[in-house]
Engineer: 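The structure under discussion is supplied below as structure tokens; questions concerning it will follow.
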Amino acid sequence: MTSETRVVVIGAGLAGARLARRLGELGTPALLVGEEAHPPYNRVLLAEVLAGRYAPEVIALPAPGTHVRTRVTGIDRAARLLHRADGPPIGYGTLVLATGSNPVLPPLRGLFTPDHRLPEGVHAFRTMDDCLGLSGAVRPGVRVVVVGGGLLGVSAARALAARGAQVVLAQQAERLMERQLDPSASHLVLRHLRDLGVEVHTECRVRDVRSAGGTVRSVELADGYALDADLVVLACGVRPRTGLAEQAGLAVHKGVLVDDELRTSDPHVHAIGDCAQHAGTLYGLAAPALEQADALARLLAGDTDARYTGTRSLTRLTLTGPGSPFDLAAFGEPEDRPGDDVVQLTDATRGTYRKVVVRDDRLVGGVLVGELGTVGALARAWEGAEPLPADGPLLHLLTHDGGS
């Protein structure tokens with residue numbers, strides 16, 4: 001295959017590896033270009049590696065075909081060449097950006113050393129190298145402060161507690177996972193973490209990271225309260241990696257703008273995954289990335305009808321370790337508005353909670369904690385966006401497993 005016809009994918013994460021593998025299966029091999037030293041892996045499962053539940057090789061993705069490890073430094077759209085840090089340029093016929101996202105590093109005093117590095121003991125939690133570095137530093141009794149109480153922060157705190165660390169989680173919002181969960185479900189997550197020995201502070205803002213000799217010593221909150229720390233984990237969200245696209249002059253808003261063919265402002269360049277912004281939405285989740293990869297693979301392999309029109313995906317989190325697993329799922333709008341119909345089932349003894357929200361005879365959101373037997377039926381009802389049967393009581397949605 002010549003460079004004029006070759007598909008090149010930048011980014012060997014979940015989206016890029018899936019696309020390259022699907023293209024190979026459809027008879028259109030692609031060159032996958034990634035800068036990480038590790039084979040492609042499932043980033044969603046990094047917390048399981050940190051907890052010691054999985055070895056790194058367990059979360060490796062299926063081999064994607066031809067894979068080159070190098071760092072792309074620029075895109076020459078006119079010549080259709082990729083410039084890289086080492087070696088000659090790489091030619092492409094069609095280019096796909098699957099560059100993912102970077103962790104957000106909050107504007108904290110003392111976060112960087114004079115030579116612009118993170119102090120020893122301060123870790124982001126986004127890549128396998130982040131995970132392995134943090135895992136190598138954790139030991140029973142070590143004092144860890146996790147900054148951020150979203151999905152990633154909760155997962156990291158749970159994993160570190162499973163390793164015997166003394167964990168403090170600092171969350172600026174008023175409750176945990178406030179973007180995905182309603183207050184009742186957030187409370188159950190809080191209770192679960194506290195039962196594991198995690199100290200949780202909500203409605204608090206970290207303002208300062210204090211170090212001595214280049215090593216972190218404590219974290220100071222806005223009210224002046226200091227948390228002693230041997231390790232600090234930054235779990236403050238992610239930001240799409242759009243640098244290459246911007247340098248190449250592609251249209252970028254919060255992410256790289258794409259249409260239903262996942263095409264950028266250059267017809268020879270597409271984008272998928274965390275870096276792509278479709279119809280105003282940045283997903284930042286695994287399910288949309290995989291759907292985008294599958295749709296684009298069909299399109300590039302010759303299916304001219306293939307399109308990506310958006311994803312209605314749910315958030316799943318399983319916190320494993322000592323004791324029974326803690327499962328939750330959330331989708332759509334789990335917080336109701338005036339006039340909505342709501343059904344909730346709570347079992348405080350078992351720590352389970354189920355809730356669905358119905359608006360204009362359509363299921364618009366829900367959250368389940370502890371028992372997920374009904375999640376398949378609920379997800380299908382929500383994804384279909386069809387009116388609910390008039391003779392089907394709302395309670396049926398929460399008590400019937402629908403064959404899932």
Engineer: Of all heavy-atom pairs between W382 and V364, which one has the smallest distance, and what is that distance?
Structural biologist: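 Shortest heavy-atom contact: NE1-O, 3.6 Å.
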Engineer: Can you find a heavy atom in the side chain of L105 that is under 4.5 Å from one in the side chain of C236?
Structural biologist: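 Of all side-chain heavy-atom pairs linking C236 with L105, none is under 4.5 Å.
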Engineer: Under the side-chain contact (heavy atoms from CB on, under 4.5 Å) rule, what do H38 and L132 come out as? Steps first, then yes or no, please.
Structural biologist: CA-CA 11 Å; H38 307 277; L132 295 179; 3.8 Å; yes
Engineer: Considering all heavy atoms of both residues, which atom of A185 and which atom of Y353 are nearest to each other, and what is their separation?
Structural biologist: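 Scanning both residues, the minimum pair turns out to be N-CE2, 3.9 Å.
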Engineer: Between D341, D336, D340, V342, which is the residue that forms a side-chain contact (heavy atoms from CB on, under 4.5 Å) with R359?
Structural biologist: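 By the side-chain contact (heavy atoms from CB on, under 4.5 Å) criterion, R359 pairs with just one of D341, D336, D340, V342: D340.
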Engineer: Quick check: do V96 and V8 have side-chain heavy atoms less than 4.5 Å from each other?
Structural biologist: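 No, side chains not in contact.
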Engineer: More than 12 foreign heavy atoms under 6.0 Å from NE2 of H83: is that the case here?
Structural biologist: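 Atom NE2 in H83 is packed in, count exceeds 12.
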Engineer: If you measure from CZ on R205 to CD on E203, what distance do you get to the nearest 0.5 Å?
Structural biologist: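 Going from the CZ atom of R205 to the CD atom of E203 covers 13.5 Å.
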Engineer: What do the steps show when you test L14 against N42 for side-chain contact (heavy atoms from CB on, under 4.5 Å), and what is the final call?
Structural biologist: CA-CA 6 Å; L14 203 60; N42 186 347; 4.0 Å; yes
Engineer: Check D294 with R18, please: is the shortest side-chain N to carboxylate O separation under 4.0 Å?
Structural biologist: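 Salt bridge flag = yes for D294 with R18.
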Engineer: Can you tell if the side chain of Y92 reaches within under 4.5 Å of the side chain of V7, non-hydrogen atoms only?
Structural biologist: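 Y92 does not reach V7 side chain to side chain.
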Engineer: Counting distance only, does the side-chain N/O of D223 pair as donor-acceptor with the main-chain N or O of Y225 below 3.5 Å?
Structural biologist: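 Side chain of D223 to backbone of Y225, a donor-acceptor pair under 3.5 Å: yes, one is there.
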Engineer: Does R163 use its side chain to pair, donor to acceptor, with the backbone of S135 at less than 3.5 Å?
Structural biologist: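 Yes, R163 side chain to S135 backbone: donor-acceptor pair under 3.5 Å.
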Engineer: For the pair V72 and E35, evaluate side-chain contact (heavy atoms from CB on, under 4.5 Å) and give the outcome as yes or no after the intermediate values.
Structural biologist: CA-CA 8 Å; V72 176; E35 61 184 52; over 6 Å; no
Engineer: Side-chain contact test, heavy atoms from C-beta onward, threshold under 4.5 Å: evaluate it for R239 versus S101 and give yes or no.
Structural biologist: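 Not touching, per the 4.5 Å side-chain cut-off.
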Engineer: Between the side chain of D230 and the main-chain N/O of R143, is any donor-acceptor distance below 3.5 Å?
Structural biologist: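 Indeed, once roles are kept as given, a pair shorter than 3.5 Å links the two residues.
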Engineer: Using modelled atom types only, decide if a donor and an acceptor are shared between the side chain of S186 and the backbone of L176 within a distance under 3.5 Å.
Structural biologist: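 Answer holds: yes.
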Engineer: Which atom pair, heavy atoms only, marks the closest approach of L32 to P40?
Structural biologist: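 Closest pair (atom of L32, atom of P40, distance): CD2-CG, 4.4 Å.
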Engineer: Any heavy-atom pair between the side chains of V356 and L363 that's under 4.5 Å?
Structural biologist: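 The answer is yes, as the side chains (C-beta and beyond) meet within the 4.5 Å cut-off.
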Engineer: If you define the side chain from C-beta out and look only at heavy atoms, does anything of L118 sit under 4.5 Å from T113?
Structural biologist: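 The answer is no; the side chains never approach within 4.5 Å.
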Engineer: According to ring-ring contact (aromatic ring centres under 6.0 Å, His included), who are the partners of Y41, at least two apart in sequence or on a separate chain?
Structural biologist: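 Residues passing ring-ring contact (aromatic ring centres under 6.0 Å, His included) with Y41: none at all.
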Engineer: Assign the ring pair H278 / Y308 to parallel, tilted or perpendicular, where the plane angle (0 to 90°) is split at 30° and 60°.
Structural biologist: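 Perpendicular: the ring planes of H278 and Y308 meet at over 60°.
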Engineer: Backbone N or O of T304 within a donor-acceptor pair of the R307 side chain at under 3.5 Å?
Structural biologist: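 It does hold such a pair.
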Engineer: Give, for atom CG of L50 and atom CG of L160, the distance between the pair rounded to the nearest 0.5 Å.
Structural biologist: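 The distance works out to 4.5 Å.
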Engineer: Answer whether the closest heavy-atom distance between the side chains of L300 and H270 falls below 4.5 Å.
Structural biologist: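 Answer yes - side chains close enough.
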Engineer: Could you check whether any side-chain N or O of T264 sits under 3.5 Å from a backbone N or O of D266, counting only pairs where one atom can act as donor and the other as acceptor?
Structural biologist: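 Yes, T264 side chain to D266 backbone: donor-acceptor pair under 3.5 Å.
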Engineer: Using 4.0 Å as the upper bound for N to carboxylate O, is an ion pair formed by D182 and K355?
Structural biologist: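 Result for this pair is yes, salt bridge flagged.
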Engineer: How long is the span from the CG atom in L45 to the CE atom in M128, to the nearest 0.5 Å?
Structural biologist: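 One gets 9.5 Å once the value is rounded to the nearest 0.5 Å.
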Engineer: From R77 CZ over to S265 OG, what is the distance, rounded to the nearest 0.5 angstrom?
Structural biologist: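 The CZ atom of R77 sits 5.5 Å away from the OG atom of S265.
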Engineer: Sorted by first residue and then second, give each side chain to side chain donor-acceptor pair (under 3.5 Å) pair with at least one member in residues 55-76; sequence neighbours left out.
Structural biologist: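 Checked against side chain to side chain donor-acceptor pair (under 3.5 Å) - neighbours excluded - the pairs reaching residues 55-76 are T70-D86.
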Engineer: Where is the tightest heavy-atom contact between L97 and C275, given as atom of each residue plus distance?
Structural biologist: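 Here L97 and C275 meet closest at O-SG, 3.5 Å.
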Engineer: Quick one, R117 with D115, criterion salt bridge (Lys or Arg N to Asp or Glu O under 4.0 Å). Give me CA distance, side-chain angles, the key distance, then yes/no.
Structural biologist: CA-CA 6 Å; R117 297 171 181 254; D115 59 352; 3.4 Å; yes
Engineer: Stepwise, does the salt bridge (Lys or Arg N to Asp or Glu O under 4.0 Å) test hold for R43 with E48?
Structural biologist: CA-CA 10 Å; R43 202 180 306 277; E48 300 292 348; over 6 Å; no
Engineer: Set out, in order, the CA-CA distance, both residues' side-chain angles and the distance that settles side-chain contact (heavy atoms from CB on, under 4.5 Å) for R175 and L190, then state yes or no.
Structural biologist: CA-CA 8 Å; R175 53 188 174 85; L190 172 64; over 6 Å; no
Engineer: So which atom in L244 and which in G74 form the shortest heavy-atom distance, rounded to 0.1 Å?
Structural biologist: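 Closest heavy-atom pair between L244 and G74: CD2-N, 3.8 Å.
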Engineer: Between D208 and R210, does any NZ, NE, NH1 or NH2 come within less than 4.0 Å of an OD or OE carboxylate oxygen?
Structural biologist: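 Salt bridge flag = yes for D208 with R210.
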Engineer: Looking only at the side chains, is there a donor atom on one of E174 and T202 sitting less than 3.5 Å from an acceptor on the other?
Structural biologist: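 Short answer, no.
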Engineer: Does the side chain of V233 reach to within under 4.5 Å of the side chain of L134, using non-hydrogen atoms?
Structural biologist: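 Heavy-atom side-chain distance check passes, below 4.5 Å.
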Engineer: Hey, what do you get for CZ (R126) to CG (N102), rounding to the nearest 0.5 Å?
Structural biologist: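 Atom-to-atom, R126:CZ and N102:CG are 8.0 Å apart.
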Engineer: Determine, for R22 against E291, whether the closest basic-nitrogen to carboxylate-oxygen distance falls under 4.0 angstrom.
Structural biologist: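 Salt bridge flag = no for E291 with R22.
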Engineer: Would you say D130's side chain and T127's backbone share a donor-acceptor pair under 3.5 angstrom?
Structural biologist: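 Yes; judged by distance alone, with no hydrogens or angles, the pair exists.
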Engineer: For E220, is the CD atom crowded, meaning more than 12 foreign heavy atoms sit under 6.0 Å from it?
Structural biologist: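 Yes, enclosed.
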Engineer: Hey, is the main chain of L234 close enough, under 3.5 Å, to the side chain of H123 for a donor-acceptor pair?
Structural biologist: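 No, H123 side chain to L234 backbone: no donor-acceptor pair under 3.5 Å.
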Engineer: Using every non-hydrogen atom in the two residues, find where F331 and L378 come nearest and quote the distance to one decimal.
Structural biologist: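 Nearest pair, atom of F331 first, then L378: CZ-CB, 4.0 Å.
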Engineer: Between CG of L95 and CZ of R6, what distance do you get to the nearest 0.5 Å?
Structural biologist: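 Between L95 CG and R6 CZ, I get 11.0 Å after rounding to 0.5 Å.
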Engineer: Do T99 and R241 get their side chains close enough for a donor-acceptor pair, meaning under 3.5 Å?
Structural biologist: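 Distance-only check fails for T99 and R241.
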